[in-house]
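Notes follow once the structure below has been shown.
Order of appearance sets the numbers: ligands from 1, and atoms from 1 within every ligand. Remember, it's a predicted structure, so these values are computed and weren't measured experimentally.
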Amino acid sequence: MSFDYDLFVIGGGSGGVRAARVAAGETGAKVALAEEDRYGGTCVIRGCVPKKLMVFASEYPGMVDEARAYGWDMSNSGFDWGVFRVKMHAELDRLEGIYRNILKNNGVETFDLRARLVDAHTVELADGTRHSAKHILIAAGGRPVKPEVPGAELGITSNEIFHLDKLPESILIVGGGYIACEFAGILNGLGVKVTQYYRGAQILRGFDDEARGLVCEEMCQNGIDVHLGTNVLEMTQEGDAIRVKATNGDNRLFDQVMFATGRVPNADDLGLEGLEGVERGRKGQIVVDEYSQTGVPSVYAIGDVTDRVNLTPVAIREGMAFVETVFRGNPTPVDHELIPTAIFTQPEMGTVGLSEEDAAEQEPIEVYATSFKPMQSAFAGKSDRVLMKLLVSRETRKVLGCHIVAPGAGEMIQLAGIAIRMGATKEDFDRTVAVHPTMSEEIVTMKTATRTA
Ligand code: NDP
């Protein structure tokens, strides 16, 4: 049976673009890709990239304060959101152009249209045209969701935050995950009065307790008004502001409310309902096996639409493994263990492996942890603290988890991740000579266990 294409990819985000370009450019497959919105997906257009630029922008006021303490004659006369926003979007346009070019240069045919499946080998575009393909890869990503509280439509999500005409004077951020905590820090740094409501007992659920406790303390220290065990009851418009009634009895006005209350897979209206064999999970995600294959052998899915580990580099890995499996005949499962990740709060948290709580549940462990005031900010009279923490198996001596809360923790954890991935023991860390004077040297100089668990 002959098909129009060897591969049709639905979705031009990090995972879809990578799979399309490698399949076409490196294996010679005939590939098409459909994207209804902008190329680059969540990461490039409304996620990691603009977020990180905003993190950078938000850190300068602190640097100016610190520079003054070091003897510099510096002043901070304010932030111009308009200037920054124009530059940020110009950068996103540039990156989108690069994504488009990558596809073009690798011979991928692109359609700027929404696509849905008609059957196991046919895709229909929004203009009604149909294309057949030997394999179909769904990489449609995810989107933010708001909770069902009265007036929720008055709030925005991370999709809109990059497009504000002006920065609000005050904002309420709802949620306690990556996005809520990162934007609390960003907007606080940019001079917005930030309040954060999180329904649970401590932000960043699932991460190491001690690490997230320190992040929360430092966020409060930096001026973010964090309310734990608190949620929105209802929201109403009052002039230009939004009145929010909360479960803690608060009844306050905010210029803006941002929900960072989780994301759901973009798996609806893709024609999957009519395709017997494609299973959907509790959140609506497309269920796949370790090779990213659905119950229909010709249909695969990668990235956030499968709701496995929702991170850009993971979607890229899944895309590469898919090409290796399907187009190079080398079945390659994706290993979702020991993925290093960073949360760009202020201070950052870098983490790989198990939290203390999970490690202790798994087996007897030793905990090595040190928290201290780093030299750079301590000299400037700041009370910022950082944390370096290793969790070690008492039986194998392997490092099961590493958690760093510190400026630059994202950069540090990438490197620690290699050692831990290789199965490094505590003694391997100890044998490594310290790089002095740095914060991260503490990771190789913790001689005695803080506690056992
Ligand atoms: P998360 O799932 O991480 O967090 C959602 C938060 O919203 C949780 O604190 C959750 O509370 C809370 N929540 C959920 N439903 C409600 C509700 N009805 N009312 C009140 N609060 C609610 O989602 P995010 O949106 O922060 O991020 C999505 C994913 O994107 C992340 O998991 C991560 O994979 C990825 N990401 C990665 C980044 C990075 O690598 N630096 C940055 C940003 C995103 P509870 O804990 O009680 O469930």
Side-chain angles (χ1 to χ4, degrees), residues 13-15 41-56 141-152 155-162 172-186 195-207 209 212 215-216 219 226-235 244-248 257-266 282-283 285 303-318 336 339-352 355 404-405 409-411 413-414 417:
S14 306
T42 298
C43 173
V44 175
I45 305 298
R46 60 193 89 83
C48 321
V49 173
K51 180 275 303 288
K52 192 80 192 276
L53 292 172
M54 284 180 76
V55 169
F56 291 140
R143 62 179 189 283
V145 277
K146 295 179 189 175
E148 285 179 11
V149 291
I156 58 170
T157 68
S158 56
N159 279 354
E160 290 78 41
I161 196 84
F162 305 110
L172 169 67
I173 297 182
V174 186
Y178 279 77
I179 298 180
C181 297
E182 290 183 340
F183 275 97
I186 289 169
T195 304
Q196 183 178 356
Y197 287 170
Y198 172 52
R199 65 183 179 180
Q202 184 54 278
I203 58 167
L204 298 171
R205 182 167 62 83
F207 291 95
D209 275 358
R212 62 200 184 115
V215 170
C216 188
M219 285 170 66
V226 181
H227 295 251
L228 301 174
T230 304
N231 213 347
V232 172
L233 279 176
E234 69 171 46
M235 295 168 31
V244 179
K245 284 191 190 157
T247 52
N248 63 351
V257 176
M258 175 176 145
F259 288 103
T261 45
R263 298 173 59 86
V264 291
N266 278 331
R282 197 174 55 84
K283 276 175 76 179
Q285 74 271 24
D304 288 8
V305 79
T306 62
D307 194 35
R308 286 176 280 179
V309 179
N310 299 330
L311 298 171
T312 298
V314 175
I316 290 173
R317 279 295 167 99
E318 290 166 357
H336 290 99
I339 294 170
T341 174
I343 308 162
F344 295 97
T345 39
Q346 294 163 3
E348 286 174 22
M349 171 167 13
T351 175
V352 60
S355 66
I404 301 177
V405 178
E411 304 291 345
I413 205 68
Q414 178 70 82

Please check this pair: side chain of Thr247 against backbone of Asn231, looking for a donor-acceptor N/O pair closer than 3.5 Å.
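Yes, Thr247 side chain to Asn231 backbone: donor-acceptor pair under 3.5 Å.
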List for me each residue that meets salt bridge (Lys or Arg N to Asp or Glu O under 4.0 Å) alongside Arg308, sequence neighbours excluded, and say none if there are none.
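Arg308: salt bridge (Lys or Arg N to Asp or Glu O under 4.0 Å) contacts with Glu318.
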Atom-level proximity to ligand 1, residues with heavy atom under 4.0 Å:
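Residues Lys51, Pro147, Gly175, Gly176, Gly177, Tyr178, Ile179, Glu182, Tyr198, Arg199, Arg205, Asn231, Ala260, Thr261, Gly262, Arg263, Asn310, Leu311, Thr341, Ala342, Phe344 each place a heavy atom under 4.0 Å from ligand 1, listed by chain and number.
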Sole residue of Val309, Leu311, Ile316 in side-chain contact (heavy atoms from CB on, under 4.5 Å) with Pro313
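Looking at Val309, Leu311, Ile316, the match for Pro313 under the side-chain contact (heavy atoms from CB on, under 4.5 Å) is Leu311.
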For a quick check under 3.5 Å, do Arg212 and Ser355 share a side-chain donor-acceptor pair by atom type?
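Arg212 vs Ser355: no donor-acceptor pair found between side chains.
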Roughly how far, to the nearest 0.5 Å, is CZ of Arg263 from CG of Asn310?
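Asn310 atom CG to Arg263 atom CZ measures 8.0 Å (nearest 0.5 Å).
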Pair Phe56, Phe344 - check ring-ring contact (aromatic ring centres under 6.0 Å, His included), show working.
CA-CA 10 Å; Phe56 291 140; Phe344 295 97; 8.5 Å; no
